Amino acid sequence: MRNQSEEQIRAGRGGGTALTQQRKVVLEVVQASAGHPTAAEVFEAARKLLPKISYATVYNSLRYLKEAGLVHEITFGNSASRYDRETERHDHAICKECGELVDFNLPETSSLMLSAAEHSRFKPESIHLTLVGLCPRCRTD
Ligand SMILES: [Zn+2]
Ligand SMILES: [Zn+2]
C-alpha cells in the first residue's frame with residue numbers, strides 16, 4: 001500500500017474521507033497486478049478477496065480511484081479500458097496480437113509535448129507515446 005496515496009485522497013476530498021473497503025480492495029488489486037488489468041480482470045481478482053463485491057461496484061470504484069489520481073485509465077480505440085497502477089508519466093507498448101501492454105519510459109517523449117501542442121494548437125497537459133506492434137512472444141522474426 002502506498003500511504004502517500006491515501007493521504008492525497010484525504011487531502012483532495014475534504015479531509016477524513018477514508019477509502020471504503022471495496023475501493024481499498026480494488027486499489028489493492030490494481031497495485032498488486034504487474035500488468036494493466038481490464039475492469040473484468042480487476043473484478044475477478046477483487047472477488048477472491050471480497051466475494052460479495054459486484055461488477056458495478058468494481059467499475060464505480062475504478063472510476064473513483066481514477067478521478068482521485070490513484071490509478072490511470074488507458075483506452076485504445078474501442079477495446080476495453082485497462083487500468084494502470086503507475087500514475088507517473090510513462091509510455092506504453094501494446095501488442096496487436098495478444099494485447100500485452102508493457103510500460104517503458106522514454107525521456108524524449110516529454111520534449112515532444114511543445115511541438116505536439118504547437119501542431120494541434122492544444123494547451124498541453126500531458127503526453128504519452130504508444131508503440132503498437134508485436135511483443136517478443138508474438139513476433140516471428
Ligand atoms: Zn503478443
Ligand atoms: Zn502503464
Side-chain angles (χ1 to χ4, degrees), residues 1-15 17-141:
M1 282 299 294
R2 300 183 198 174
N3 291 324
Q4 184 202 352
S5 304
E6 293 219 26
E7 291 300 327
Q8 281 168 1
I9 235 184
R10 286 197 191 97
R13 300 270 159 170
T17 320
L19 288 175
T20 62
Q21 196 196 4
Q22 287 101 324
R23 286 171 182 167
K24 212 176 268 180
V25 164
V26 169
L27 181 61
E28 275 168 19
V29 165
V30 175
Q31 288 183 338
S33 57
H36 300 76
T38 61
E41 286 164 350
V42 173
F43 174 55
E44 282 309 312
R47 214 156 54 154
K48 290 187 184 117
L49 302 168
L50 217 60
K52 288 211 171 83
I53 200 165
S54 70
Y55 183 78
T57 300
V58 167
Y59 193 81
N60 290 333
S61 299
L62 284 168
R63 209 171 51 184
Y64 174 89
L65 294 169
K66 185 184 83 171
E67 278 163 15
L70 295 174
V71 302
H72 263 197
E73 182 184 18
I74 314 163
T75 48
F76 294 103
N78 40 24
S79 59
S81 288
R82 311 273 288 257
Y83 294 88
D84 199 338
R85 63 179 172 178
E86 183 53 69
T87 54
E88 295 290 309
R89 200 212 73 77
H90 63 285
D91 303 295
H92 289 110
I94 186 164
C95 177
K96 60 181 187 176
E97 197 64 36
C98 68
E100 166 96 338
L101 183 60
V102 301
D103 290 336
F104 66 95
N105 196 351
L106 213 59
E108 293 90 331
T109 307
S110 299
S111 63
L112 292 173
M113 192 152 87
L114 276 182
S115 75
E118 228 165 77
H119 285 278
S120 61
R121 301 174 68 190
F122 271 46
K123 177 172 181 268
E125 286 184 359
S126 68
I127 190 162
H128 110 261
L129 188 94
T130 306
L131 174 70
V132 180
L134 294 172
C135 75
R137 266 179 304 148
C138 295
R139 65 187 295 173
T140 47
D141 57 326

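Please read these numbers as outputs of a predicted model, since none were measured by experiment. Note that the numbering runs from 1 along the sequence shown for the chain. Counting starts at 1 for both ligands and their atoms, following the listed order.
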Round to 10° and report the angle made at the Zn ion (ligand 2) by NE2 of His90 and OD2 of Asp84.
-> 90°

Taking atom CG of Leu19 and atom NZ of Lys24, what is their separation to the nearest 0.5 Å?
-> 6.5 Å

State plainly whether the residues Glu118 and Arg121 are in salt-bridge range, i.e. N to O under 4.0 Å.
-> no

Under-4.0 Å salt bridge between Glu100 and Arg137 = yes

Angle at the Zn ion (ligand 1) between SG of Cys135 and SG of Cys138, to 10°?
-> 100°

His92 NE2 to Asp103 OD1 via the Zn ion (ligand 2), rounded to 10°, gives 100°

Does one side chain, of His92 or His128, offer a donor that lies under 3.5 Å from an acceptor on the other?
-> yes

